Amino acid sequence: MSHSLIHIWIHGIFSTKDKQPLIHSKIEKKLYFHLKAHLETHLSCKVRVINGTENHVHVLFLLGQNHSIQEIFKNLKGESSHWVNQQDLLTRKFAWQVGYSAFSVSESMVETVERYIKNQKNHHKKWSFSEECALFFKKIQMNQVNR
């Protein structure tokens, strides 16, 4: 094969520092638009959907071939927190939590994950972000045990 081909869907999740409720309705759409533009323009990652709540973001994107997952999240979070602060969108400093989660998504599950991300606000009427993370980790452990 003379060219490289990568087609890996990534479901990324990251939260605000200390899970502070900083992503309110006034800045939400601007932030999501900025994240999408940065992923696509600077990191060569095609975005399918971005959504979240006041303290975290979910993004579903195709991994580009020029950057590792670690580089993508470090760059995306660093650049976007700088952007929010430069735009004076909040009365206090904006920052993301240090870590992130990234899960591969099979082509057959892309639409299911997209619906899940689009319905974040409804999901979080039922459970907190911490409870959601615990459910993800439990699913991962179950999948590893069943191998």
Side-chain angles (χ1 to χ4, degrees), residues 3-141 143:
H3 293 76
S4 299
L5 174 64
I6 295 174
H7 189 86
I8 303 170
W9 288 102
I10 301 295
H11 176 188
I13 308 166
F14 49 100
S15 68
T16 58
K17 187 171 184 174
D18 299 324
K19 299 178 186 135
Q20 292 293 310
L22 301 176
I23 308 170
H24 50 75
S25 59
K26 179 181 164 187
I27 73 162
E28 181 181 41
K29 287 185 181 172
K30 290 178 187 176
L31 176 60
Y32 296 165
F33 180 81
H34 182 80
L35 291 170
K36 181 178 191 282
H38 189 74
L39 274 164
E40 292 186 341
T41 304
H42 299 285
L43 299 169
S44 303
C45 296
K46 177 71 177 133
V47 175
R48 178 86 176 230
V49 64
I50 297 177
N51 197 15
T53 67
E54 68 279 344
N55 67 359
H56 72 282
V57 171
H58 290 252
V59 58
L60 179 61
F61 64 92
L62 276 171
L63 182 63
Q65 63 185 32
N66 298 324
H67 303 282
S68 70
I69 292 172
Q70 179 184 10
E71 291 170 330
I72 289 167
F73 282 100
K74 181 179 180 183
N75 183 289
L76 179 65
K77 290 167 45 184
E79 189 283 334
S80 62
S81 62
H82 179 74
W83 177 81
V84 170
N85 291 320
Q86 291 297 315
Q87 298 295 311
D88 287 326
L89 297 175
L90 298 171
T91 56
R92 60 185 184 181
K93 186 175 178 181
F94 182 88
W96 296 111
Q97 192 89 344
V98 173
Y100 62 89
S101 296
F103 305 95
S104 61
V105 178
S106 66
E107 193 69 39
S108 64
M109 292 299 293
V110 167
E111 287 183 16
T112 301
V113 173
E114 180 180 20
R115 278 191 305 275
Y116 177 79
I117 292 172
K118 285 181 176 179
N119 288 309
Q120 277 298 292
K121 288 172 187 58
N122 287 332
H123 294 307
H124 289 286
K125 290 178 183 175
K126 299 174 189 169
W127 56 78
S128 70
F129 177 53
S130 296
E131 291 168 326
E132 178 184 41
C133 289
L135 288 171
F136 271 108
F137 298 140
K138 187 174 182 178
K139 281 185 181 182
I140 290 168
Q141 288 175 336
N143 286 340

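Positions are given from 1, in the same order as the sequence printed here. Quantities reported herein were computed from a predicted structural model and do not represent experimental measurements.
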Answer whether the closest heavy-atom distance between the side chains of [X] and [Y] falls below 4.5 Å.
X: H11; Y: Y116; answer: yes
X: L76; Y: L35; answer: yes
X: I13; Y: F103; answer: yes
X: T53; Y: I23; answer: no
X: V47; Y: V59; answer: yes
X: R115; Y: E111; answer: yes
X: L60; Y: I10; answer: no
X: H58; Y: N51; answer: no

Start with the C-alpha gap between M109 and W9, add the side-chain angles, then the distance that decides, and say whether side chain to side chain contact (heavy atoms under 4.5 Å, CB included) holds. CA-CA 10 Å; M109 292 299 293; W9 288 102; over 6 Å; no
With H67, which residues qualify under side chain to side chain donor-acceptor pair (under 3.5 Å), at least two apart?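 H67 satisfies side chain to side chain donor-acceptor pair (under 3.5 Å) with no residue once adjacent residues are dropped.
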What residues form a side chain to side chain donor-acceptor pair (under 3.5 Å) with Q20, not counting sequence neighbours?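 Q20 satisfies side chain to side chain donor-acceptor pair (under 3.5 Å) with R92 once adjacent residues are dropped.
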Run the ring-ring contact (aromatic ring centres under 6.0 Å, His included) test against H42 and tell me which residues pass, sequence neighbours left out.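 Applying ring-ring contact (aromatic ring centres under 6.0 Å, His included) to H42 gives H38.
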Going by the rule ring-ring contact (aromatic ring centres under 6.0 Å, His included), which residues pair with Y32 if we only count those two or more places apart in sequence or in a different chain?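 Testing Y32 for ring-ring contact (aromatic ring centres under 6.0 Å, His included), a comparison that skips the adjacent residues, returns none.
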Which pair of non-hydrogen atoms, one from C45 and one from G64, has the smallest distance, and what is that distance?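 So the two residues come closest at SG-N, 3.5 Å.
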So which heavy atom on F73 is nearest to which on A102, and how close?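 Heavy atoms only, the tightest pair is CE1-CB, 4.0 Å.
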Evaluate Q97 against T16 for side chain to side chain contact (heavy atoms under 4.5 Å, CB included), listing each step before the verdict. CA-CA 5 Å; Q97 192 89 344; T16 58; over 6 Å; no
Separation between [atom1] of [X] and [atom2] of [Y], rounded to the nearest 0.5 Å:
X: H7; Y: L63; atom1: NE2; atom2: CG; value: 11.0 Å
X: S44; Y: N66; atom1: OG; atom2: CG; value: 5.0 Å
X: I27; Y: L22; atom1: CD1; atom2: CG; value: 7.0 Å
X: L31; Y: K26; atom1: CG; atom2: NZ; value: 13.5 Å

Restricting to side chain to side chain contact (heavy atoms under 4.5 Å, CB included), what partner residues turn up for E54, sequence neighbours left out?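 Partners of E54 by the side chain to side chain contact (heavy atoms under 4.5 Å, CB included) criterion, ordered by chain and then number, come out as P21.
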Full working for side chain to side chain contact (heavy atoms under 4.5 Å, CB included) between L43 and N75: CA-CA 9 Å; L43 299 169; N75 183 289; 4.0 Å; yes
Any donor-acceptor pair under 3.5 Å linking the side chain of N85 with the backbone of F94?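 Pair found, side chain donor or acceptor close to backbone of F94.
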In terms of heavy-atom contacts, does CD of E107 have more than 12 from other residues, nucleotides or ligands at under 6.0 Å?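 Count over threshold, so yes.
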Classify the ring geometry of H34 against W83: parallel below 30°, tilted from 30° to 60°, perpendicular beyond 60°.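 Geometry flag for W83 against H34: parallel rings.
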What salt bridge (Lys or Arg N to Asp or Glu O under 4.0 Å) pairs are there with at least one residue in residues 61-79, not counting sequence neighbours?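 Sorted result for residues 61-79: empty, none.
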For S80 and W96, test the side chains for any donor-to-acceptor distance below 3.5 angstrom and give the result as yes or no.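 The answer is yes; a qualifying pair exists.
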Regarding H56 and Q120, do their side chains bring together a donor and an acceptor under 3.5 Å, going by distance alone?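 Judged by distance alone, the side chains do pair up.
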Set out, in order, the CA-CA distance, both residues' side-chain angles and the distance that settles side chain to side chain contact (heavy atoms under 4.5 Å, CB included) for Y100 and I69, then state yes or no. CA-CA 10 Å; Y100 62 89; I69 292 172; 4.0 Å; yes
